[in-house]
Amino acid sequence: MSASPTPRSTGDRYVVVVNHEEQYSVWFADRALPAGWTATGAQGTRQECLDHIEQVWTDLTPRSVRGGTTTAADLAAVWLRGLGSRERTAQRRLFVFPHAGAGASAYRLAEYLPDTVEVCTVQLPGRETRFAEPALTSLDEAVVALAPILADHTDLPYAFFGHSMGSLIAFETARRLRALGAPLPGRLFLSGMRAPDLPDREPRHTLPDDKLLATAEFDGMEAELQELLLPLLRADLTLCETYTHRAEAPLPCPLTVLAGSDDDSVDGTELAGWRKHTSADFALHLFPDAPHLYVRGAERQLAETITRTLPARG
């Protein structure tokens, strides 16, 4: 997590807290913890707690990355959570691109996919194990960094799944891989996002904090915790809403476009607009009675949908 409560006075005591998504933050020692967060045992002044979080991040980061001598394997370990987790059984890979404000722990797809599918979830800077790094605000910057890393892990047939912001990043990453001459995904599963050449309905990244909070989907989080997540959410929205689509030839990869039937952030016409961005198969699937963030809680159904059309080995 990239933010913490505003200090009330220099004498305040704080604790370091962590949630199930491995996000760390600083919280007031004399307040009840927000739901879903646990104290780590570290405490002190606000600066001491921030220094502790920085050390946690250092311990989680490969030594060569910290020292500036970065190998391809080190970069892959930082950017791709789950890489190598099914090394002995994997016959295919699914690269997952989460939605705005989320990290690599957001979805539990691996639990519902066969052990022949290795799930590798993209971990962007600014969240979870990369919380000490500034969040990216340029989609092009994210893609330029990510595509060469993925290109090194196309030895197995693979597919992309992206939700909302993740759909845009997945799409542009596939186009970047084409430009690099790398093997392309056997299929793109693009979820909860309008076609990339269509404009945003109502850009939000420049809204004042209170108005942005009013539009955010934080799954019932407490108000104070929502405020902590705002900087990361704003950065991710900036990445999406400043994206400029550039016309290119359609991808030769099949596209499966997904959404919840009750998603009011995108309509059928905007979803169908993806059709012109592939010269291969196109399919549109709606999950009944499901909202925009349907993925959380519908991993089993989503995994079944993905499994039916994953590229075959070889």
Side-chain angles (χ1 to χ4, degrees), residues 19-23 35-36 80-124 127-129 150 153 156-171 173-174 185-193 217-221 253-268 271 274 281-313:
N19 69 6
H20 72 284
E21 294 184 354
E22 299 180 20
Q23 296 174 323
L80 299 174
R81 179 166 177 166
L83 184 65
S85 59
R86 295 179 175 175
E87 185 174 6
R88 294 184 179 182
T89 59
Q91 298 177 11
R92 297 171 288 179
R93 286 198 181 97
L94 179 68
F95 293 101
V96 175
F97 301 74
H99 60 276
S105 298
Y107 314 139
R108 297 179 296 116
L109 282 171
E111 296 179 23
Y112 301 104
L113 288 165
D115 61 8
T116 54
V117 178
E118 182 173 81
V119 178
C120 304
T121 306
V122 172
Q123 185 78 293
L124 293 176
R127 66 213 73 213
E128 297 184 6
T129 53
L150 292 179
H153 298 281
L156 296 177
Y158 72 99
F160 285 170
F161 169 78
H163 181 65
S164 198
M165 174 185 78
S167 292
L168 283 182
I169 298 177
F171 172 72
T173 299
R187 183 172 290 269
L188 274 67
F189 298 91
L190 305 174
S191 172
M193 174 56 74
E217 295 184 70
F218 280 121
D219 292 338
M221 288 184 184
C253 316
L255 300 188
T256 296
V257 174
L258 309 161
S261 64
D262 296 341
D263 187 347
D264 58 7
S265 71
V266 64
D267 62 31
L271 294 169
W274 283 101
D281 261 4
F282 177 86
L284 175 59
H285 178 79
L286 298 181
F287 290 89
D289 304 317
H292 177 64
L293 288 180
Y294 73 91
V295 180
R296 288 177 169 173
E299 285 97 340
R300 183 186 300 278
Q301 298 93 315
L302 178 58
E304 290 171 355
T305 300
I306 290 173
T307 302
R308 285 196 292 269
T309 49
L310 268 178
R313 180 175 175 83

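Values below: every heavy atom of this structure, side chains too, minus hydrogens, waters and symmetry copies.
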[atom1]/[X] to [atom2]/[Y] distance, rounded to the nearest 0.5 angstrom?
X      : Y      : atom1 : atom2 : result
Phe97  : Leu168 : CZ    : CG    : 11.5 Å
Leu310 : Gln91  : CG    : CD    : 11.5 Å
Leu286 : Asp262 : CG    : CG    : 10.0 Å
Leu113 : Arg92  : CG    : CZ    : 9.0 Å
Leu80  : His153 : CG    : NE2   : 6.5 Å
Phe171 : Cys253 : CZ    : SG    : 9.5 Å

*Where is the tightest heavy-atom contact between Ser167 and Gly162, given as atom of each residue plus distance?*
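Answer, listing the atom of Ser167 first, then Gly162: OG-O, 2.8 Å.
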
*For Leu271 and Ala259, which heavy atoms make the closest approach, and how far apart are they?*
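Minimum heavy-atom contact is CD1-CB, 3.7 Å.
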
_Test log, rule side chain to side chain donor-acceptor pair (under 3.5 Å), inputs His292 and Ser164_ = CA-CA 9 Å; His292 177 64; Ser164 198; 3.3 Å; yes

*Taking only residues two or more places apart in sequence or in another chain, which ones pass salt bridge (Lys or Arg N to Asp or Glu O under 4.0 Å) with Glu87?*
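Not a single residue meets the salt bridge (Lys or Arg N to Asp or Glu O under 4.0 Å) criterion with Glu87.
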
*Considering residues at least two apart in sequence or located in another chain, which fulfil the salt bridge (Lys or Arg N to Asp or Glu O under 4.0 Å) criterion with Asp267?*
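Applying salt bridge (Lys or Arg N to Asp or Glu O under 4.0 Å) to Asp267 gives Arg201.
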
*asked:* Can you confirm whether Thr173 sits close enough to Leu150 that some side-chain heavy atom of one is under 4.5 Å from a side-chain heavy atom of the other?
replied: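 They are in side-chain contact.
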
*Please list, chain by chain and in numerical order, all residues satisfying side-chain hydrogen bond (donor to acceptor under 3.5 Å, both in side chains) with Tyr107, sequence neighbours excluded.*
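side-chain hydrogen bond (donor to acceptor under 3.5 Å, both in side chains) check on Tyr107 returns His99.
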
_Go through it in stages, so that I can follow the logic: the residues are Trp274 and Met193, the test is side-chain contact (heavy atoms from CB on, under 4.5 Å), and I'd like the CA-CA distance, side-chain angles, deciding distance and then a yes or no._
CA-CA 9 Å; Trp274 283 101; Met193 174 56 74; 4.2 Å; yes

*Restricting to pairs with a member in residues 281-294, which pass salt bridge (charged side-chain N to carboxylate O under 4.0 Å, His left out), not counting sequence neighbours?*
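Matches after skipping sequence neighbours: Arg187-Asp281.
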
*asked:* Enumerate the salt bridge (charged side-chain N to carboxylate O under 4.0 Å, His left out) contacts for residues 297-309, please, sequence neighbours excluded, ordered by first and then second residue.
replied: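 Every salt bridge (charged side-chain N to carboxylate O under 4.0 Å, His left out) pair that includes a residue of residues 297-309, provided the two are not neighbours, is Arg108-Glu299.
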
*side-chain contact (heavy atoms from CB on, under 4.5 Å) assessment of Val119 paired with Phe161*: CA-CA 10 Å; Val119 178; Phe161 169 78; over 6 Å; no

*Passes side-chain contact (heavy atoms from CB on, under 4.5 Å), Thr307 versus Val117? Steps please.*
CA-CA 9 Å; Thr307 302; Val117 178; 5.9 Å; no

With sequence neighbours left out, write down each residue that passes side chain to side chain contact (heavy atoms under 4.5 Å, CB included) with [X], or none if nothing qualifies.
X      : value
Ala100 : Met165, Leu233, Asp236
Ser85  : Glu118
Ala174 : Phe160, Pro185, Leu188, Leu251
Ala104 : Arg81, Thr121, Gln123, Glu128

*asked:* Test of understanding: with ring pair (Phe, Tyr, Trp, His ring centres under 6.0 Å), list the residues that count as partners of Tyr294, not counting sequence neighbours.
replied: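 Tyr294 satisfies ring pair (Phe, Tyr, Trp, His ring centres under 6.0 Å) with His163, Phe287 only.
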
*asked:* Tell me if a side-chain donor or acceptor on Thr89 pairs with a main-chain N or O of Asp115 at a distance below 3.5 Å.
replied: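 Looks like yes, one N/O pair under 3.5 Å.
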
